[in-house]
Amino acid sequence: MKRQMALIIGTALTLVMAQAQAEDISAGEAIYTQSCAHCHGGSGQGMGSFPSIAGQDADYIAKRLTQYRAGEKVGPNTPLMAPMATDLSDDDIADLAAYISTTFE
Amino acid sequence: MIQRITGLSLCAFLASAMAPGLAVADNSDADAPELSYTTVLSDLKDPWDMAFLPDGTMFFTEKCHGLSVRLPSGDVNPLLGMEDTEDYATTADDLFCHGQAGMNGVAVDPDFDDNRYVYVYSASRITPLHKNRVIRLTVNDDFSDVSDRTDIVEDIPYKQTESDHPFGDAGAHNGGRIRFNPGDGYLYVTTGDNHDGEIPQHPTRLGGKVLRIDRDGNAASDNNPPDGFNQRIFTYGHRNVQGIAFHPDTHETFVAEHGPWHSDEVKVLENGGNAGWDPRPNVGGRGDCPDHYCGYMPDQMEGMDPEERRAFMPMTDTERFPDAIRPAWDNDKKSQGMSSAEFLTGSQWKGWEGKMVVGFLGIGFGDTPIGQRLDLLDIAEDRLSVDVTTMSVPMGPARFRSVVQGPDGDLYVAVDEGEIYQITPE
């Protein structure tokens, strides 16, 4: 029984670690700095008419980016956001969501 | 992904540096001054504009907070706060921000020593249909408070609701720069078209215009708009003017104006003139357009050749308006968020003395490089062409919102990131 429990815990830890590795925060930071910061600001605070994204959770960020990538109209800045999301891979989106949600408050 | 973006950016940089008419940017030619910078204020929220007194006292606005003043000692006094602000000496709950609108421009009266007047341009909820207003305030003796609010212009249109356009939120295309012309003493007020196709060429709606008024809000006596136009209108047919500056010798009025996915424009204004912007549907060979505004057509969702855009929806339509004011510069047919303008004066600027500085917020749409920068324009005598130098900005790129020369001769620069910098030529 103890052996089975250890196996389950070990498997779960492996999955958690794999998930953490899948979301590469430093890769997300690199994309953010290159493509996002000039509108949303270095700390996600929002600037001009571009909204703050600080405090948003990873699911929200990933959902929005996925919608923009799919060509859905989400809000008034869709024409600006859609081209930014067009070439993002699923991993890119996961990385960005992880970076934004864990870095900006 | 990262490598791809970096590669694209490098290509864009090289392409922009090598494009005809764009100077390769740096301050290395013999006539250019060496530049250093100081951070004057930081951690501001959307600083939008500044205005100076001769002793260096600096009034400044933050779009969603209000008006403050920085004294020569470095102390900052919050003067007039907007709704939901605290710690301002006075609060006006009708003043609000949304999208591009809020408290925008600020100007100091030329006779400030006598009348203590300062002016701001702000969105207001006083009327159910919200408006932009130009508000005159009296500053007290120790610069700790303002009083005697007088709204000298109450009827500048504000975009009420979201529409189906890029930047389509309420408050868009809101203009907002205000400046006194030292040549005639009048206050010039720049406004925007609100994403409303009718406004720019409309004779009485004050959006898409440059107004020229006295300190009480009355029309300048020699304004010369067409018959039937509101007499406060100096020029009309504008899209969204956020830069205005006066030639230091001739006092001619120059504006810098956001373009429609193409052609940011700088032009010298003519009293009563038409700047040539008319985004109405079903005119100029165009059909229906989203929400009755053709300003981003023929394709407002995806990037395309700026030249094709210009042919379809010109920024200055000289075919329909043969007398339209011609631009001196169209940013090489690109739209990159050209926001503010100022002429540099004084020999400390060496070869840049007399040139106009224009600041770019940066918009990377389609294949257009983002273009956050400060450009120096040497404007030809006929006002129909320019030589361009791009400043090697010592503090790096940012969303350059406002450029103002201070009484010390240095250039003060507000950026959306939250700083006001002082650039000093050496």
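Proteins come first, then strands; the chains are lettered A, B, ... in the order of their sequence lines, and each starts at number 1.
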Query raised in the report: Relative to chain B, which of A:Ser49, A:Ala82, A:Ala37 shows the most heavy atom pairs under 4.5 Å?
Result: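 Going by pairs under 4.5 Å, I would pick A:Ser49.
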
Query raised in the report: Pick from A:Ser43, A:Gly48, A:Pro83: which one has the most heavy-atom pairs with chain B under 4.5 Å?
Result: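 Greatest number of close heavy-atom pairs with chain B: A:Gly48.
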
Query raised in the report: Hey, are the side chains of B:Phe365 and A:Met84 touching, using non-hydrogen atoms and a 4.5 Å cut-off?
Result: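 Of all side-chain heavy-atom pairs linking A:Met84 with B:Phe365, none is under 4.5 Å.
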
Query - Side-chain touch A:His38/B:Gln372, heavy atoms, less than 4.5 angstrom - result: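 They are in side-chain contact.
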
Gap separating the [atom1] atom of [X] from the [atom2] atom of [Y], nearest 0.5 angstrom:
X: B:Asp164; Y: A:Lys73; atom1: CG; atom2: NZ; answer: 5.0 Å
X: A:Asn77; Y: B:His165; atom1: CG; atom2: NE2; answer: 13.5 Å
X: B:Leu361; Y: A:Cys39; atom1: CG; atom2: SG; answer: 9.5 Å

**Report entry** Nearest non-hydrogen partners of A:Pro79 and B:Met301, listed with the distance
**Finding:**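 Heavy-atom minimum between the residues: CG-SD, 3.4 Å.
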
Report task. For B:Lys45 and A:Gln45, work out which heavy atoms get closest and say how close. Result ->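 Result for this residue pair: NZ-O, 3.2 Å.
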
Query - Option in B:Pro166, B:Ser163, B:Cys97 with maximal non-hydrogen atom pairs under 4.5 Å from chain A - result: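 Among the listed options, the one with the most contacts to chain A is B:Pro166.
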
Requested in this report: Give a yes or no on this: more than 12 heavy atoms of other residues, nucleotides or ligands lie within 6.0 Å of atom CD of A:Glu72.
Outcome: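 Yes - once you tally the heavy atoms of other residues, nucleotides and ligands closer than 6.0 Å, there are more than 12.
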
Query raised in the report: For B:Gln100, is it the side chain, the backbone, both or neither that has a heavy atom under 4.5 Å from a heavy atom of chain A?
Result: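 Contact with chain A: backbone and side chain both.
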
Report task. Tell me, for B:Asp46 versus chain A, whether the close heavy atoms (under 4.5 Å) come from the side chain, the backbone, both or neither. Result ->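 Only the side chain of B:Asp46 comes within 4.5 Å of chain A.
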
